[in-house]
Number of protein chains: 2
Amino acid sequence: MPPSDSNSPDIAAVKTYLLALQDTICRELTAEDGTGQFVTDEWKRPEGGGGRTRLLAEGNVFEKAGVAFSHVTGENLPPSATAHRPELAGKSWEALGVSLVIHPRNPYVPTSHANVRFFCAYEPGAQARGERPEAKGSTPSPFASSPSPAGPVWWFGGGFDLTPYYGFEEDVVQWHRTARDAVTPFGDSLYPRFKKWCDEYFFLKHRNEPRGVGGLFFDDFNELSFKNSFAFMRAVGDAYLHAYRPIVAKRKATPYGDRERQFQLYRRGRYVEFNLVWDRGTLFGLQSGGRTESILMSLPPLVRWDYNWQPEPGSPEARLYDVFLKPRDWLATANSQHPLPNTPRPF
Amino acid sequence: MPPSDSNSPDIAAVKTYLLALQDTICRELTAEDGTGQFVTDEWKRPEGGGGRTRLLAEGNVFEKAGVAFSHVTGENLPPSATAHRPELAGKSWEALGVSLVIHPRNPYVPTSHANVRFFCAYEPGAQARGERPEAKGSTPSPFASSPSPAGPVWWFGGGFDLTPYYGFEEDVVQWHRTARDAVTPFGDSLYPRFKKWCDEYFFLKHRNEPRGVGGLFFDDFNELSFKNSFAFMRAVGDAYLHAYRPIVAKRKATPYGDRERQFQLYRRGRYVEFNLVWDRGTLFGLQSGGRTESILMSLPPLVRWDYNWQPEPGSPEARLYDVFLKPRDWLATANSQHPLPNTPRPF
C-alpha cells in the first residue's frame, strides 16, 4: 500500500527499486563483458539487516566489477555518523543503498563508481512500537498507516563519478551530459551544484589531485517531497548505465601494451588511497563494524605503488594530469545552460 | 657540547645517531640484496625541516626497501597531534626519526618495519628566542647552554614488527628474542609491555586480525633520564638489523612459485589497509600536509585484492592465520623471564 502522504517515506518502494537497479546493472554489465558472470553473496548483519553482494571477477572486459545492495538497520545511531545532525544521535535508523565500482581490464576504459542510497532515522515512538520493516521481505513502511507525530527524518544520497587512465574528451563530455540531462528536470541548479560537490568530494588532499573527472555527488537530499526526491534518486541511478556503458563499448577493444597496463596499475593506487584515507562511507563502515569484504569490494584487483613516479612531460600519461585531472566545466561548450528540449520534467 | 644536565635533550646527538643508523641499515641491506642500490632523495618541508629518503627498488632480494630519515619542525602543534596531551597544543616542536619498511621479493621472507623517533615541544620562551636548532647541520641543542625554566617536553618512540607470509616459528622466536634482549637491560618489564603494545597497535580491527607477529612498540617514552631513554631508543634501533637480517639470509633463496607469489600479493593488501586506515603516523602525516611520497613509501610495490578469499583449511596459507596471526608469547618456552646472563646492563 503506498503512503497516503506524498512526504512519508515508502521504504518498500525504495527497496524494490534498488534491488531491480542492481539486477539491471549486473545484467547489462554481464552482456557488455561477454564471458564473466556475477556471483551473488547474501549476508546478514548481526546488529540488523544484511545485503546482497554481487561480484564479477576476471571477466573479459571487467577485471573486477562489484555491485552491492545493502539494507542495514540499527537501534542507536552513533554520534560519529551524525556529526552534522547531532539531534539524530541515539535514534533507531535504517539505510538502504546500491553501491558499485567497476575496474575494467583495458586501461583505455575508465573505472567508474556509482551509489544511490536512502537513510531514515525514527522518532523513539516508532522504535518502541517495533513497527520498523524487516531487513528482508517487502513489508510496507509502518508510516503509511501510522506515522509518528513528527515523522521520521530521511534523505537520499548518491551520484556517480568516472576515473580514466587515458582520457578522451568526448567520453567525459558524454558522461557529464548524461549526468546533467538526468538531473536537470528536477531543477536547473542541480547539475552545477552536484557536479561541484563531486569534484570537491572525490579529491585526494594529500596529492592535491582529483580522483578522476567527476560527475555527480549529493547527500542529505530531501529538498523535494519524498515522492520527487525518490524520483530524483531513481533518475541518477538509471542514468549511470547510460553514462558508462557507451564508453565501455567504445574503448574496450583498444589495443594496449605493458606500458598502459603498468600506468593503470599505478593509477589504481590513487583509488585505494582515496577510498581508505578519505572516503567517509568506507571509513565509517570499517570503523563501525560493517561487512569488510563488501566495503572493500571497491578496491582494485591489482595495484602498484612506485616511489615518487612522475609522467614524462608531453606523454600520454602526463596528459591525464594536464587535461583530465583539472576540475573544469566539461559542458561549457556543449549547451550546458539548458536541459535538452526533448527532456520533459517528470512533475 | 653535550648537555651538562643528563635530563636535557641533546637533539644534535639524536640526529647524529639517526643519520648513522640510516647509513648502517642501508649499507647492510644493500649487502644482503647483492644487486640493488639505494637512491637518496633529500627534501625540504616548507613549514620547517626536511628529510633524507632512501629507496631501493627492484633489487634481487628486496622488491622495495624504503629507509627514511626526517627532521621536521613547526611553530604551532595542532591539537589533533596531541589529543592526549592538550597542554602541548600551540607549542613549537620538532620531531626526528628513522622509519623503514622492507618488502622482500621472496614470499618466504617476511616484510619488516622499524621506526625510532624523538619528539620535543618547547616552552614559548625558547621559541621566542629563536634558538631552536636548524633542520640541517649539527647545531647543538639550545638547551645545553640556556634551558628554559620548565625545560622542553620530550619523548622517544619506536619499535619494530615482522609480517610473514609463510611463517617459521624459529624465525619468530629469533625475532622476539632479539627484541627482548635489546630492551631487557633497561628493565625487566619493558619487553612484555612493549611486545603487548605492539600486538595491540598493529591490529586490523576491521579484519579482527593482527598485521603480523609483532615485536616491540613504544611511544611517549621518557620514564628514564634523557641519557638513558636515548640509550634505550638506540638499543631498539641497533637491534633491528640483528633481528631481521638473519631471517632474510636464511629464507631468501627458498624456491617458490606463482601460488606463493599470489598469496604474498594478497596479504600485502592487509599492509595497505593497516597503514592507510589505522596507522596514526600515516594518517596524521597525510592529513597534515606531510611529504606524501615519503609517507607512502611504506606501501608495497604490487598488491592484489580478492573478494572474500579464504585459505583452504590445512593449507600452508591457512597456517599463517592459524599459527602466526594469533598474538602469543613466542618466548614462553625460550627462557623468556630473564635476560641472557651475558647481556650487561648499560647503566
Side-chain angles (χ1 to χ4, degrees), chain A residues 38-41 43 53-58 63-68 101 103 204-209 261-262 265-266 268-279 282-310, chain B residues 38-41 43 53-58 63-68 101 103 204-209 261-262 265-266 268-279 282-310:
Chain A
F38 279 92
V39 172
T40 297
D41 223 2
W43 51 274
T53 295
R54 286 189 176 149
L55 191 97
L56 184 160
E58 300 294 337
E63 197 171 332
K64 185 178 184 183
V67 185
V101 176
H103 292 289
L204 288 80
K205 294 185 190 72
H206 65 289
R207 301 277 190 185
N208 193 30
E209 194 182 286
R261 174 65 170 171
Q262 296 307 323
L265 299 188
Y266 172 77
R268 282 176 175 176
R270 298 294 208 275
Y271 220 82
V272 175
E273 292 173 23
F274 180 82
N275 285 16
L276 296 185
V277 176
W278 299 108
D279 186 59
T282 300
L283 290 179
F284 175 72
L286 293 180
Q287 293 174 354
S288 67
R291 184 174 185 259
T292 292
E293 288 293 343
S294 293
I295 297 165
L296 297 186
M297 199 175 62
S298 65
L299 299 182
L302 193 64
V303 185
R304 61 179 295 145
W305 273 274
D306 296 280
Y307 173 75
N308 219 9
W309 185 84
Q310 304 287 342
Chain B
F38 280 91
V39 172
T40 297
D41 224 2
W43 50 275
T53 294
R54 287 192 175 147
L55 191 97
L56 185 160
E58 299 293 338
E63 197 171 331
K64 184 178 184 182
V67 184
V101 175
H103 292 289
L204 288 80
K205 295 186 189 70
H206 65 288
R207 300 277 188 184
N208 193 31
E209 194 181 286
R261 174 66 171 170
Q262 296 306 322
L265 299 189
Y266 172 77
R268 282 176 174 174
R270 299 293 208 276
Y271 221 82
V272 176
E273 292 173 24
F274 179 82
N275 285 16
L276 296 186
V277 176
W278 298 107
D279 187 58
T282 301
L283 290 179
F284 175 71
L286 293 180
Q287 293 173 355
S288 67
R291 185 176 184 260
T292 292
E293 288 293 343
S294 293
I295 297 165
L296 297 186
M297 199 176 60
S298 66
L299 299 182
L302 193 65
V303 186
R304 61 179 295 144
W305 273 274
D306 296 282
Y307 174 74
N308 219 10
W309 184 85
Q310 303 288 341

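A note on names: the letters A, B, ... follow the listed sequences, proteins ahead of strands, and every chain is numbered from 1.
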Taking every non-hydrogen atom, the tightest pair across B:Ser294 and B:Trp43: OG-NE1, 3.5 Å
A:Trp278 to B:Leu286 - nearest heavy-atom pair and separation: CZ2-O, 4.3 Å
Chain A contact via B:Val272 - which portion, at a heavy-atom distance below 4.5 Å: both
Contact class of B:Leu204 relative to chain A, heavy atoms under 4.5 angstrom: neither
Partners passing ring-ring contact (aromatic ring centres under 6.0 Å, His included) against A:Phe38 (at least two apart in sequence or in another chain): none
Partners passing side chain to side chain contact (heavy atoms under 4.5 Å, CB included) against B:Glu209 (at least two apart in sequence or in another chain): B:Arg207, B:Arg267, B:Arg270, B:Tyr321, B:Leu325
Partner residues of A:Asp41 under the side chain to side chain contact (heavy atoms under 4.5 Å, CB included) criterion, sequence neighbours left out: A:Thr53, A:Arg291, B:Tyr307, B:Asn308
Distance (rounded to the nearest 0.5 Å) between B:Glu293 CD and A:Asp306 CG: 9.0 Å
Step-by-step side chain to side chain contact (heavy atoms under 4.5 Å, CB included) determination, A:Val303 to A:Tyr271: CA-CA 9 Å; A:Val303 185; A:Tyr271 220 82; over 6 Å; no
For chain B, which residues of residues 295-302 of chain A have heavy atoms nearer than 4.5 angstrom: A:Leu296, A:Met297, A:Leu299, A:Pro300, A:Pro301, A:Leu302
